[in-house]
Amino acid sequence: MADRKLPTRSEDFSEWYNQVVLRAEMADYAPVRGCMIVRPYGWALWENITYQLDRRFKATGHLNAAFPLLIPRSFIDKEKHHVAGFSPELAVVTIGGGEELEEPLVIRPTSETIIGHAYAKWIQSYRDLPVLINQWNSVVRWELRTKLFLRTLEFFWQEGHTAHATLEEAEAETRQMLDIYTDFAVREAAVPVIPGRKSDAERFAGADRTYSIEAMMGDGKALQAGTSHNLGQNFAKAFEIKYLDNGGVHQFCWTTSWGLSTRFVGAIVMVHGDDQGLILPPRLAPYQAVIVPIFKSDEEKRAVFEAAQKIRAEMIAADIRVKMDEREGMSPGFKFNDWEMRGVPLRVELGPKDVASGNAVLSRRDRPGREGKVSVSQQGIAGVVEKLLVEIQDALFQRALDFRNSNTAEPKDYGEFKIAVEKGFALSHWCGSSDCEGKIKEETKATMRCIPLDQTAGPGKCIYCGQSAHERAIFAKAY
RNA sequence: CGGGGCGUAGCGCAGCCUGGUAGCGCGCCUGCCUUGGGCGCAGGAGGUCUGGAGUUCGAAUCUCCACGCCCCGACCA
């Protein structure tokens, strides 16, 4: 690392983000443009995300499966909105084993088509429904402009695909999964999100209705952090996913799909990080605590390590993910900065003074410097750490929520609206026309993020055209 | 795909204008010394200067052509 100092978030948020991701060793650039190598530390965070989501999926009756990476090109063409939406960004395989293929294969940009094909074979009767399947995989979309974690050619995610007998069941599933994403974001990632419905313009290609959770990043911009689609009968009709109802009549299924990707790692970085680097929410952090031993002589080292090992053992017994930093030849100061860059929520500093007093210094990542330090007894330290981790988790959520609230405006007119979207979210009445939505985007670069499910304000007048509007929507510049 | 920036040691860069021995900082290795907020000293390893063609006695440097990356815009999990 040539330069120790990170660019500050206020002077260059984008460069700050890149540097944090690289220096915290979450990811690296790959030899192919727009592709990313997820390094062990970044992958460990993703694994914790996948674990928390996966257990929620299973608790609601979903099973995991694996569908192929390669999809016949013709499959994409079967659903007309889907083909229009995804064709420009497909990666296509035309040669296999040295021979030109009879039909080109696309690398999946998402799996509605190939799963639809399978469901058509598997579903015969209403008794076969619902089908509730999820898969963990990666997909490829040939994006023009990429950024680590936020938008890469290949990204990792989960995609759930379900089939139901009725529209009501499909809608309930769609909403249930949106709730799961919301719950995950809030409780595990400490990321406040706004669950809501997408506009027609922002809807998934092939969906009747798209819901998303939207989060505010540290620069006030919006990030779509997860989506849940009610696909209606669009894919059922394209792939003939039919069942015989109990009256003996063929019916098309109602299908859904929902996904959350490694983009969420980027969201965590941009929501919680500070000028020192990452700050990871304790519930997802690969290491929740790191022990930094401090010593001069060999005798000191022995005594410090002995105490450190005891602390470590106690924490492991309490199911705390703890790392002991035994690296030689690095000063404590270096290690402090290093672990702050990596966002470890809590640091245990243990030196000769602490060994003598029977204490250890706990240092909170979310409160830099002396203010976040407290000296506690080594006796029963795991219990104190557990409590502190909960406090840190709560504090991170509260801080992110306060930030969002203070950067969310309810503009009275279009003039105020334009100012509001320069620094954050604007919550405004919108008549629902794509025309107003398009004009707003053209004039302010802000897009309709979602129509929040929570609509307490009642009807009003469209912020753009002044016509009556029965709902409010979030507008913001977005990633 | 349009606009801009940039390709020289692992990373960050200087050298290029004005052609003539390949350089600096950090990192890395060895040793000593240090360690409570990014220690210090000494020694050392590491380069087909993105690729190709051309001009020239001679090219990192000049010319042309490719390729790649980053940033900003239009499009997107």
Side-chain angles (χ1 to χ4, degrees), chain A residues 1-6 12-15 17-19 22-23 28-35 84-90 109-110 137-159 181 198 201-205 210 212-215 223-229 257-267 276-277 292-298 300-301 304 325 327-341 347-356 359-361 363 368-370 372-373 375 441-442 445 447 477-479:
Chain A
M1 234 145 286
D3 188 6
R4 295 220 151 93
K5 288 299 269 186
L6 208 52
D12 190 345
F13 193 82
S14 176
E15 188 52 23
Y17 174 83
N18 285 338
Q19 292 293 324
L22 293 171
R23 293 193 196 187
D28 202 352
Y29 292 106
V32 175
R33 175 196 74 88
C35 291
F86 282 106
S87 285
E89 51 187 46
L90 290 177
T110 178
N137 63 357
S138 70
V139 293
V140 168
R141 300 178 186 178
W142 215 261
E143 301 288 350
L144 299 176
R145 195 170 152 204
T146 58
K147 197 170 179 69
L148 294 169
F149 286 113
L150 298 185
R151 193 176 302 100
T152 46
L153 295 202
E154 179 188 16
F155 60 91
F156 296 84
W157 73 344
Q158 56 68 218
E159 48 176 331
Y181 289 152
K198 285 289 194 182
E202 301 274 337
R203 214 170 50 196
F204 175 75
T210 287
S212 72
I213 51 172
E214 299 285 330
L223 184 78
Q224 178 172 306
T227 50
S228 186
H229 315 291
S257 68
W258 27 275
L260 187 145
S261 75
T262 36
R263 168 180 275 190
F264 208 98
V265 172
Q276 295 300 311
V292 179
I294 300 156
F295 52 86
K296 289 195 181 81
S297 62
D298 281 353
E300 281 179 351
K301 180 178 173 181
V304 167
D325 189 347
R327 289 177 293 178
E328 301 273 349
M330 284 169 173
S331 69
F334 180 91
K335 290 180 176 179
F336 293 171
N337 283 282
D338 192 41
W339 291 112
E340 281 169 10
M341 177 67 72
R347 182 174 64 237
V348 183
E349 305 171 11
L350 194 71
K353 290 181 229 163
D354 305 294
V355 170
N359 290 345
V361 173
S363 182
R370 193 145 302 178
K373 293 198 187 196
S375 185
K441 184 175 177 183
E442 212 172 286
K445 301 264 188 339
T447 52
K477 293 186 182 178
Y479 275 98

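So you know, we letter chains A, B, ... as the sequences are listed, proteins then strands, and number each from 1.
For a distance-only test at 3.5 Å, the side chain of D354(A) qualifies as a donor-acceptor partner of the base of G36(B). K373(A) contributes a side-chain N or O that forms a donor-acceptor pair with the base of G37(B) under 3.5 Å.
Whole-Å rounding puts the Q19(A) CD to C71(B) C1' distance at 13 Å. At whole-Å resolution of the value, CD in E15(A) and P in G5(B) are 18 Å apart. Distance, L350(A) CG to U35(B) P: 17 Å, rounded to whole Å. Here the P atom of nucleotide G12(B) and the CG atom of L6(A) are 15 Å apart, to the nearest Å. Straight-line distance from the CZ atom of R23(A) to the P atom of C26(B): 16 Å, rounded to whole Å. Between the NZ atom of K353(A) and the C1' atom of G37(B) there is a distance of 12 Å, rounded to whole Å. Nucleotide G37(B) holds its C1' atom 10 Å from the CZ atom of R370(A), rounded to whole Å. Spacing between atom CD of E340(A) and atom C1' of G37(B) amounts to 8 Å, rounded to whole angstrom units.
Partners of K445(A) under the side chain to side chain donor-acceptor pair (under 3.5 Å) rule, at least two apart in sequence or in another chain, do not exist in this structure. When the side chain to side chain donor-acceptor pair (under 3.5 Å) test is applied to K373(A), the partners found at least two apart in sequence or on another chain are E349(A). Judged as a ring pair (Phe, Tyr, Trp, His ring centres under 6.0 Å), and not counting sequence neighbours, the contacts of F13(A) are W16(A). With sequence neighbours excluded, no residue forms a ring pair (Phe, Tyr, Trp, His ring centres under 6.0 Å) with Y29(A). Here F156(A) pairs with W43(A) under the ring pair (Phe, Tyr, Trp, His ring centres under 6.0 Å) rule; sequence neighbours left out.
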### Task
Indicate for each nucleotide in nucleotides 72-77 of chain B, in 5' to 3' sequence, whether protein heavy atoms under 4.0 Å reach the base (B), only the sugar-phosphate (S), or nothing (-).
SBBSBB

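A cation-pi geometry, defined here as NZ or CZ lying under 6.0 Å from the six-membered ring centre and within 45° of its normal, holds between R347(A) and F336(A).
Base pairing of C69(B): its partner is G5(B), meeting the Watson-Crick or G-U wobble criterion (both donor-acceptor distances under 3.5 Å). Base-pair partner of A42(B): U30(B) (Watson-Crick or G-U wobble, both distances under 3.5 Å). Pairing for C24(B) is with G12(B), a Watson-Crick or G-U wobble pair whose two hydrogen-bonding atom distances lie under 3.5 Å. Using the Watson-Crick or G-U wobble rule with both distances under 3.5 Å, G47(B) pairs with nothing in any strand shown. Checking A53(B) for Watson-Crick or G-U wobble geometry (two distances, each under 3.5 Å) identifies U63(B) as its partner.
As judged by a 4.0 angstrom heavy-atom cut-off over every strand, P88(A) is placed among residues making no nucleic acid contact. At a threshold of 4.0 angstrom between heavy atoms, the contacts of N18(A) are confined to the sugar-phosphate backbone, with no base atom among them. When heavy atoms are screened at a 4.0 angstrom cut-off, V292(A) is found touching no nucleic acid atom at all.
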